[in-house]
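Proteins come first, then strands; the chains are lettered A, B, ... in the order of their sequence lines, and each starts at number 1. Keep in mind that the numbers below use all heavy atoms, side chains included, and drop hydrogens, waters and symmetry copies. Bear in mind the structure is a predicted one, so any value in this text is a computation, not a measurement.
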Number of protein chains: 2
Amino acid sequence: MIRVILAEDQAMVRGALASLLDLEPDIEVVGEAATGEEAVAVVERVRPDVALLDIEMPGMDGIAAAAEIRDRVPGCRVMILTTFGRPGYLRRAMEAGAAGFLVKDSPARDLAVAIRRVLGGERVIDPGLAAAALSAGPNPLSQRERAVLAVAADGATIADIARALHLSEGTVRNYLSSAIQKTGARNRIEAVQRSRLQGWL
Amino acid sequence: MIRVILAEDQAMVRGALASLLDLEPDIEVVGEAATGEEAVAVVERVRPDVALLDIEMPGMDGIAAAAEIRDRVPGCRVMILTTFGRPGYLRRAMEAGAAGFLVKDSPARDLAVAIRRVLGGERVIDPGLAAAALSAGPNPLSQRERAVLAVAADGATIADIARALHLSEGTVRNYLSSAIQKTGARNRIEAVQRSRLQGWL
DNA sequence: CGGGAAGCCTGACAAATGTCACGGAGAAGG
DNA sequence: CCTTCTCCGTGACATTTGTCAGGCTTCCCG
């Protein structure tokens with residue numbers, strides 16, 4: 001029996017995935033979580049074979065949870081199951097020690113297959129996505145640029161960002177400007193968009 | 001037997017929901033669709049008792065599909081199942097003739113219950129959401145303001161918007177400005193954010 | 001040790017954005 | 001008919017944003 005835990009913030013999707021997996025004769029869902037923190041706690045308690053993590057969760061996200069689980073419970077394989085197949089996500093997931101990376105666009109039947117292969121020691125990654133991640137290259141944004149862009153993303157003015165990050169306004173502008181250059185955008189909105197699309201944010 | 005069709009663009013979620021519903025002894029999934037257009041076509045062909053529609057789908061969205069289905073196949077009850085419990089979505093869904101409105105945050109077991117109640121003639125709506133929709137009031141943005149804001153949302157400059165909508169730049173500014181006022185925002189980014197949050201966009 | 005890179009700042013400038021006051025056309029409604 | 005509303009446009013204006021060219025530290029790496 002393959003023992004799996006499921007982390008996903010949308011209760012209905014989580015329940016549906018559980019019922020999907022329970023159909024498989026060799027797979028058993030032994031725990032569920034709605035946040036990254038919960039996922040780590042559940043994994044430590046039930047010691048599953050595989051942890052299936054969504055990325056977009058409130059609080060600690062799935063990638064951070066993956067890293068945490070790898071450190072604390074090395075015997076547990078981590079798979080990421082996410083809505084968005086963004087190159088940066090895949091890259092970060094791999095760095096966090098994930099053994100699999102699936103997008104929710106792929107057919108439902110693939111999930112069980114992927115779990116079995118991961119348990120067999122393989123790394124399972126959407127091939128098209130892997131190519132995109134390689135061709136896109138690494139995240140060009142520095143930490144500061146990312147931080148500034150992240151705050152700008154929800155409508156903050158330069159002054160707001162400066163206050164939030166304890167920087168001078170001029171500095172914020174410079175970071176924003178260089179982020180705009182690096183993403184090839186024409187203004188901050190496009191820069192935010194493109195960064196999100198690449199999974200850099 | 002309650003005959004249901006499922007429209008949802010993420011194949012894995014769609015498959016999982018199908019397996020969830022198939023667990024119920026009195027419910028049968030008789031069709032699936034990945035877009036609004038497909039959903040309408042499938043409903044016309046298989047004539048289900050209930051159509052369960054996601055809102056966020058490529059092409060025609062779930063709300064537009066709901067309106068279409070109500071016109072073409074009046075006997076079919078329409079339920080919306082969406083990620084985002086935005087007041088404006090609920091309002092529009094009701095106007096499109098939906099009999100139910102569920103968010104994916106609610107527990108998986110609620111789904112089957114809601115389907116049975118809708119089939120019994122009830123209207124099933126998340127009570128908290130209904131209150132929010134009422135207190136939020138109707139969409140204050142005019143058609144033009146919405147259109148301008150929608151184009152601005154993905155990083156377009158004033159000139160871009162003017163070109164896209166065949167308006168003069170000054171006009172675009174005015175609409176954008178009034179949209180900013182009406183949403184109580186401080187710039188277009190905040191205006192876009194708030195409008196999205198309310199489901200006005 | 002001497003780059004080079006990142007972080008932080010300044011000041012100055014052009015361009016884009018947001019606001020305001022105003023006018024005309026057409027549709028809706030008293 | 002007159003009023004009011006939305007839509008579309010103008011022009012002028014203040015503010016914000018984006019760019020550029022510096023300068024100052026610190027830390028890392030060859």
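A salt bridge links A/R116 and A/D26; the closest N-O separation between the charged side-chain nitrogens and carboxylate oxygens is under 4.0 Å.
Note on B/T171: every side-chain N or O is 4.0 Å or more away from OP1 and OP2 of D/dC7. Residue B/R144 places at least one side-chain N or O under 4.0 Å from the OP1 or OP2 atom of D/dC8. Residue B/Y175 has no polar side-chain atom (N or O) positioned under 4.0 Å from OP1 or OP2 of C/dG18.
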Run the side-chain donor-acceptor check on residues 192-201 of chain A: report pairs under 3.5 Å with partners two or more places apart or on a different chain.
unit_1	atom_1	unit_2	atom_2	d
A/R194	NH1	A/T183	O	3.3
A/R194	NH1	A/G184	O	3.3
A/S195	OG	A/A191	O	2.8

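Among pairs with a residue in residues 146-159 of chain A, those fulfilling side-chain hydrogen bond (donor to acceptor under 3.5 Å, both in side chains) read A/T157-A/D160, at least two apart in sequence or across chains. Within the structure, the side-chain hydrogen bond (donor to acceptor under 3.5 Å, both in side chains) test picks out the following pairs touching residues 65-80 of chain A (sequence neighbours left out): A/E44-A/R72, A/E68-A/R72. For residues 93-107 of chain B, every residue pair satisfying the salt bridge (charged side-chain N to carboxylate O under 4.0 Å, His left out) rule, not counting sequence neighbours, is listed here: B/E8-B/K104, B/D54-B/K104.
The separation between A/L165 atom CG and C/dG7 atom P is 12 Å, rounded to whole Å. The separation between A/E169 atom CD and C/dC13 atom P is 19 Å, rounded to whole Å.
B/R92 forms no cation-pi arrangement with B/Y89, by the criterion of a distance under 6.0 Å to the ring centre and an angle within 45° of the ring axis.
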Per-nucleotide protein contact string for nucleotides 14-25 of chain D (B base, S sugar-phosphate only, - none; heavy atom under 4.0 Å):
---BBBBB----
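The residue A/S142 sits close only to the backbone: its heavy atoms come under 4.0 Å of sugar-phosphate atoms, none of a base.
Note on the helix from C/dC1-D/dG30 to C/dG30-D/dC1: angle between the axes of the first and last five pairs equals 30°, rounded to 10 degrees.
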